[in-house]
**Q** 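Right, I'll just put the structure down here and ask away after.
Per chain, numbering begins at 1; letters A, B, ... match sequence-line order. All values reported here derive from a predicted model rather than from experimental measurement. Both backbone and side-chain heavy atoms feed into the values below; hydrogens, waters and symmetry mates do not.
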Amino acid sequence: MAIIKVQKGTKDILPQDMPVWHFMEDTARKIFSEYGAKEIRTPIFEATELFARGVGDTTDIVNKEMYTFEKSERSLTLRPENTAGVVRAFIENGMHRLSAPVKLWYKGPMFRYERPQAGRQRQFHQVGIEVFGIKQPTADAEVILMAVNYLKALGLNDLTVELNSLGCPECREVFKTKLKEVIKPYLQDLCPDCQARYEKNPLRLLDCKVEECKAVYAKPEIQEVIQSDFICEECAEHFNELKSYLDALGINYSINKLLVRGLDYYNRTVFEIKSNNLGSQNAVCGGGRYDSLVRNLGGEDTPAVGFAMGMERLASLIGNKEEEKTAGFVVSNNTLEAVKLTEEIRKAGISCEFDLTNKKFVKQLEKASKVAKYALILGEDEIAKNQVTVKNLDTSEQVTVTREKVLEVLNS
RNA sequence: GCGCCUGUCGUCAAGCGGUUAAGACCUCGGAUUGUGGUUCCGAUAUGCAUGGGUUCGAAUCCCAUCAGGCGCCCCA
């Protein structure tokens, strides 16, 4: 019979992967709580409309990448990202009444129907932060600081922070119009993708990789528009303040005028953190400010900033970590005595196993050396004298002690 | 949705039209009735993703299907 395999774009996270995943999760809890952030867990599926209204129905995520299904005449969708869900929970639980800032962090699986490739799966995991209620750039700075310090705590240093400001909806509209004006004469020279983007999201035109398009965008009159500081005075001030905070905090970043990000809800600050060691899906973190999302989803007008990180991408940068061995393994031909000793040790909070198949002494010891740090030898002599021989399997040193002293030896 | 590459044991692989389908690791058994991990011996693919074809002969060549990888689009 044919075996059933994991579905395309999904992966098992196996026991040997756990040390890295626990490390990422424990570090998230530790670092984010240093900033006063609290963990939140929202459901894995939500009303489809939440994402259509939240993420934006012109985005690829909503248009072609969602896992949507009907149940009892409701349209439901597996969450493709978690900002919309957290905002929904924020609104529904009246969290705008809490003293600002409300800092929330989350981790968990997300689902996007895409062609899998390196650093991209259909089920993947994100860890992220959302900070609500602060319009000042201090919040932007703190969010970026949390991201940078989390990555540092994971031991990842070869990363670059890219920063841009999209302005507010008003000044961005002016920029879009200007951009379309200067590009219009060359429209027929552009690749089909760019022609589509020209209407759909002109800001995305700029990072096209097709040579002909790049040639067009390199033209002086177009470059002049791109490089111009189109954002309005207030947006510029917000951006400048943010930069001065980051400078003061010693965070290295580079300004990337082409950084736009694909989700509709961003305004003003957007940022990405990239790695040079990842292949083409090199963004490890993406985020920004989304001041109108809470209101758009029916909540009180509440400014917000956040980011999300791809945990599989982080995991591949962290590399392998050794699995922790079981502390003790009881070696004995007397199964009953072996269980008793094993349980005694477990009750003291120390991991311990014994041989369930009653193999020969040598085989038991061999098994012990594979899975455990100490072999606890309980032979006839030891049982008669109420003793245990504790053998360190790395150093081969062993001592015979009374039953009561076993825990002391294991703890030392 | 499009383009390129790849499918041989649980894993990593050799094989390049005629082989009994190497080898290594893992696993299991033994040497070894109380001292392991480093030694030695043994076991484990009538099978080369699946289905067709070409050929006297196919894991090897061709076609299709399926699966995986990478890239584009987009994104974490």
Side-chain angles (χ1 to χ4, degrees), chain A residues 2-11 14 16 55 58-66 80-83 107-128 147 151 191-194 196-197 200-201 204 207-210 259-263 271-275 278-288 306-317 325 329 331-334 355 357 359-383 389-398 400:
Chain A
I3 59 163
I4 297 167
K5 299 203 268 193
V6 269
Q7 291 304 290
K8 198 186 189 71
T10 67
K11 277 204 168 80
L14 298 167
Q16 61 265 32
V55 180
T58 64
T59 61
D60 276 11
I61 291 183
V62 169
N63 274 320
K64 43 183 216 195
E65 296 175 4
M66 295 208 300
E81 54 96 59
N82 206 26
T83 298
K107 65 175 161 61
M110 309 294 160
F111 305 84
R112 287 173 4 195
Y113 186 80
E114 299 179 89
R115 282 292 293 270
Q117 63 185 70
R120 168 185 300 160
Q121 291 170 221
R122 289 180 175 179
Q123 176 174 173
F124 62 102
H125 296 75
Q126 288 187 329
V127 54
L151 294 167
C191 68
D193 283 331
C194 277
R197 276 187 286 235
K200 218 172 69 182
N201 191 349
R204 288 227 71 102
D207 57 358
C208 183
K209 287 158 191 96
V210 177
L259 180 64
V260 279
R261 307 200 48 72
L263 289 69
F271 68 97
E272 278 185 11
I273 302 178
K274 293 180 179 169
S275 163
L278 271 180
S280 80
Q281 305 306 321
N282 61 352
V284 101
C285 174
F307 68 74
M309 298 194 189
M311 295 179 80
E312 280 78 3
R313 293 180 190 179
L314 294 178
S316 76
L317 291 174
K325 283 188 168 181
F329 192 101
V331 173
S332 175
N333 289 320
N334 186 328
D355 175 48
T357 55
K359 276 200 261 288
K360 283 188 219 164
F361 183 88
V362 179
K363 289 292 169 191
Q364 289 193 28
L365 196 56
E366 191 179 331
K367 176 79 177 165
S369 72
K370 279 178 195 159
V371 302
K373 287 183 257 190
Y374 293 93
L376 306 174
I377 298 167
L378 193 58
E380 279 164 31
D381 296 353
E382 283 91 348
I383 292 169
T389 298
V390 180
K391 175 165 187 162
N392 182 322
L393 291 163
D394 289 326
T395 61
S396 294
E397 285 165 23
Q398 67 179 55
T400 302

**Q** Can you pull every protein N or O that's under 3.5 Å from an N or O on nucleotides 1-10 of chain B?
**A**
from, atom 1, to, atom 2, distance (Å)
B:rC2, N4, A:Arg115, NH1, 3.1

**Q** Pick base, sugar-phosphate or nothing for A:Ala368, based on heavy-atom distances below 4.0 Å to the nucleic acid.
**A** nothing

**Q** Suppose we define a pair by two distances each less than 3.5 Å, Watson-Crick or G-U wobble; what does B:rU32 pair with here?
**A** none

**Q** With a cut-off of 6.0 Å (strictly less than), are more than 12 heavy atoms of other residues, nucleotides or ligands near CD of A:Gln16?
**A** yes

**Q** Which whole number of Å gives the distance between the C1' atom of B:rA21 and that of B:rA14?
**A** 10 Å

**Q** Look at all strands and tell whether A:Lys8 reaches a base, only sugar-phosphate, or nothing, counting heavy atoms closer than 4.0 Å.
**A** sugar-phosphate

**Q** Taking the nucleotide of RNA chain B with the nearest heavy atom to each, does A:Glu272 or A:Lys370 sit closer to the 5' end?
**A** A:Lys370

**Q** Which comes earlier along RNA chain B counting from the 5' end, the contact point of A:Ala283 or that of A:Asp381, where each point is its nearest nucleotide?
**A** A:Asp381

**Q** With a 3.5 Å limit on both atom pairs, tell me what B:rC26 is paired to, counting Watson-Crick and G-U wobble, or say none.
**A** none

**Q** For A:Gly379, which contact category applies under a 4.0 Å heavy-atom criterion: base, sugar-phosphate, or nothing?
**A** base

**Q** Any non-hydrogen side-chain atom of A:Lys367 less than 4.5 Å from a side-chain atom of A:Lys359?
**A** no

**Q** With both distances under 3.5 angstrom, what nucleotide forms a Watson-Crick or G-U wobble pair with B:rU20?
**A** none

**Q** Could you measure between the two C1' atoms, the one in B:rA45 and the one in B:rG23, and give it in whole Å?
**A** 14 Å

**Q** Base, sugar-phosphate alone, or nothing: which one does A:Asn333 contact when heavy atoms must sit under 4.0 Å apart?
**A** nothing

**Q** Look only at the side chain of A:Arg122 and the backbone of A:Pro116, and say whether a donor-acceptor pair between them is shorter than 3.5 Å.
**A** no

**Q** Under 4.0 Å from OP1 or OP2 of B:rU32: is there any side-chain N or O of A:Lys363 that close?
**A** no

**Q** Could you tell me the Watson-Crick or G-U partner of B:rG7, where both distances fall under 3.5 Å? Say none if there is no partner.
**A** B:rC66

**Q** Need the pair for B:rC48. Rule: Watson-Crick or G-U wobble, both distances under 3.5 Å, any strand; none if unpaired.
**A** none

**Q** NA contact type, A:Leu314, heavy-atom cut-off 4.0 Å: base, sugar-phosphate, or nothing?
**A** nothing

**Q** Side-chain N or O of A:Gln281 versus OP1/OP2 of B:rA76: is the shortest distance under 4.0 Å?
**A** no

**Q** Watson-Crick or G-U wobble partner for B:rC74, using a 3.5 Å limit on both distances?
**A** none

**Q** Could you check whether A:Gln398 gets within reach of a base, just the sugar-phosphate, or nothing at all, counting any heavy atom under 4.0 Å?
**A** base

**Q** Return the CE to CD1 distance between A:Met110 and A:Ile61, rounded to the nearest 0.5 Å.
**A** 11.0 Å

**Q** May I ask you to decide if A:Glu114's main-chain N or O and A:Glu65's side chain share a donor-acceptor pair within less than 3.5 Å?
**A** no

**Q** Please state whether the base of B:rU35 and the side chain of A:Lys391 form at least one donor-acceptor pair under 3.5 Å?
**A** yes

**Q** Let's test this: given Watson-Crick or G-U wobble pairing with both distances under 3.5 Å, identify the partner of B:rA13.
**A** none

**Q** Anti or syn, where syn is a glycosidic angle within 90° of 0; which label fits B:rG47?
**A** syn

**Q** Determine whether the side chains of A:Glu382 and A:Thr400 contain a donor N or O and an acceptor N or O closer than 3.5 Å.
**A** no

**Q** Which ones in residues 118-127 of chain A lie close to RNA chain B, meaning a heavy atom under 4.0 Å from one of its atoms?
**A** A:Ala118, A:Gly119, A:Arg120, A:Gln121, A:Phe124, A:Gln126

**Q** Over all strands shown, is A:Val362 touching base, sugar-phosphate only, or nothing at heavy-atom distances under 4.0 angstrom?
**A** base

